[in-house]
Amino acid sequence: MTAPRAPLVTAPSASEIAHAAERLEAGELVAFPTETVYGLGGDAENAQAIARIYAAKGRPANHPVIVHLSPTADPAYWVRELTPDAQRLIAAFWPGPLTLILKRAAHIPEAVSGGQDSVGLRCPSHPVAQALLEAFKGGKGGVAAPSANRFGRVSPTTAQHVREEFGDTVEVLDGGPCEVGIESTIVDLSRGFAALLRPGHVSAQQIADVLGVAPRLPDGRDATAPRASGTLKAHYAPNTPLALLGFEEIAQALALLQSGERVAVVARASRASHLANLPGIQFIAAPDNPLHYARDLYSLLRGLDRASVQRIFVERLPDGPEWAAVNDRLGRAAAAFLSDR
Ligand code: TXA
Ligand code: MG
């Protein structure tokens, strides 16, 4: 027997959900929680609503957005063909943090895919997301939703984060903090083979186990890969310069600090508690467990922006598959401050 899910501490009322669904049907935007991060939602079949999403985010119009479906919706409606691989991955991981890229059906407006001939689909497991998707168009619609942050910034994992991004201009359904904390795994099935475009909570190994063959991994040389903003090298960046360093390098960097310079050091508590009491250093103890690290990562990066430090040193994490998704996001946050980007 699986453990019952803990009841949500924060949940919008039925009338708030109904109101939010009406706003979506009217072409307005609503931010809502998912198990990964908060999304900025609009009717996926309404090109004007999609245009509003791009405008609010400040995102280039050629970047595709993910279409969110209720568990009762028919994914086949959105695609040219729900391939056998897609059916297997859906059976294994939906609802949950996995997005599939497939060839888009001809009647689906190309606005959702930034002009590409594909569409990204995902069925979230978060109960508030599901309630909203059930209420919207009787559960038959699709809600296009990128992460509810301005382009290039850290994704929001609480309703408060969304308010920090958009103020009062966007209505937010508050479903409490996101459990997964980083964006969904993206698997591209639109080119006749499976390719991992973005690592996430659903691992490459889990996908390989279901498909019987390992997905191609992102290596930056995949020239025919669909464009995906989450796959840009410099992305997910805080405002404060961030460097990924090994322990030795952190010690060297700290020894070279100018007097009065303030830095934050993020490292796993078990490894680096000796740094906690050094003067001028704000030590942030990160979780040892990779799942908890992922859950806390974006909150932590946002907190660092408020910590009034000049630089952030983050402990480089191990290379193992359990750290792949966190390493991916940290690598991009650091890449935003490298001169060769
Ligand atoms: O966990 C998530 O996926 C969150 C929540 C809200 O569901 N959404 C999210 O959306 O991360 P966004 O837009 O920030 O990132 C979606 C990624 C982007 O990199 C986008 O380019 C890619 O998915 N994507 C969406 N549709 C695509 C398509 N047709 N082809 C290639 N990439 C696509
Ligand atoms: Mg995003």
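These numbers come from a predicted model, not from an experiment. In listed order, ligands and their atoms are each counted from 1.
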Checking only N/O/S atoms, does N149 have one that is under 2.8 Å from the Mg ion (ligand 2)?
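No, outside the cut-off.
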Quick one: which of C123, S113, A145, S147 has a heavy atom closest to atom 12 (P) of ligand 1?
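Of the listed residues, S147 has the closest heavy atom.
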Using heavy-atom distances, let me know which of P156, P64, S155 sits nearest atom 24 (N) of ligand 1.
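Answer by nearest heavy atom: P64.
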pair R59-V65: side-chain heavy atoms closer than 4.5 Å:
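Yes, side chains in contact.
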Quick check, are the ring centers of Y77 and H107 under 6.0 angstrom apart?
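Yes - the distance between ring centres of Y77 and H107 falls below the 6.0 Å cut-off.
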Centroid-centroid distance, H63 to Y54, less than 6.0 Å
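So the answer is no for these two rings.
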Taking only heavy atoms of [X], which atoms of ligand 1 are found under 4.0 Å from at least one of them?
| X | value |
| --- | --- |
| G39 | 6 (C) |
| S184 | 1 (O), 2 (C), 3 (O) |
| S118 | 28 (C), 29 (N), 30 (N) |

cation_pi(R268, W323) dist<6.0 Å, angle<=45
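Verdict for W323: a cation-pi partner in R268.
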Do the side-chain N and O atoms of Q310 and T240 include a donor-acceptor pair separated by under 3.5 angstrom?
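No.
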Under a 3.5 Å cutoff, is there a donor and acceptor pairing between the side chains of E134 and S70?
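Yes, because at least one side-chain N or O of E134 sits under 3.5 Å from a partner of the opposite role on S70.
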[X]-ligand 1 polar pair, N/O distance under 3.5 Å:
| X | result |
| --- | --- |
| R59 | yes |
| E183 | no |
| K57 | no |

Determine whether any heavy atom of [X] lies closer than 4.0 Å to an atom of ligand 1.
| X | value |
| --- | --- |
| P97 | no |
| H63 | no |
| H68 | yes |

So, K140 and E45, do they make that salt bridge, N to O below 4.0 Å?
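No.
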Flag if over 12 foreign heavy atoms under 6.0 Å of CG, D319:
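Atom CG in D319 is not crowded, with 12 or fewer foreign heavy atoms closer than 6.0 Å.
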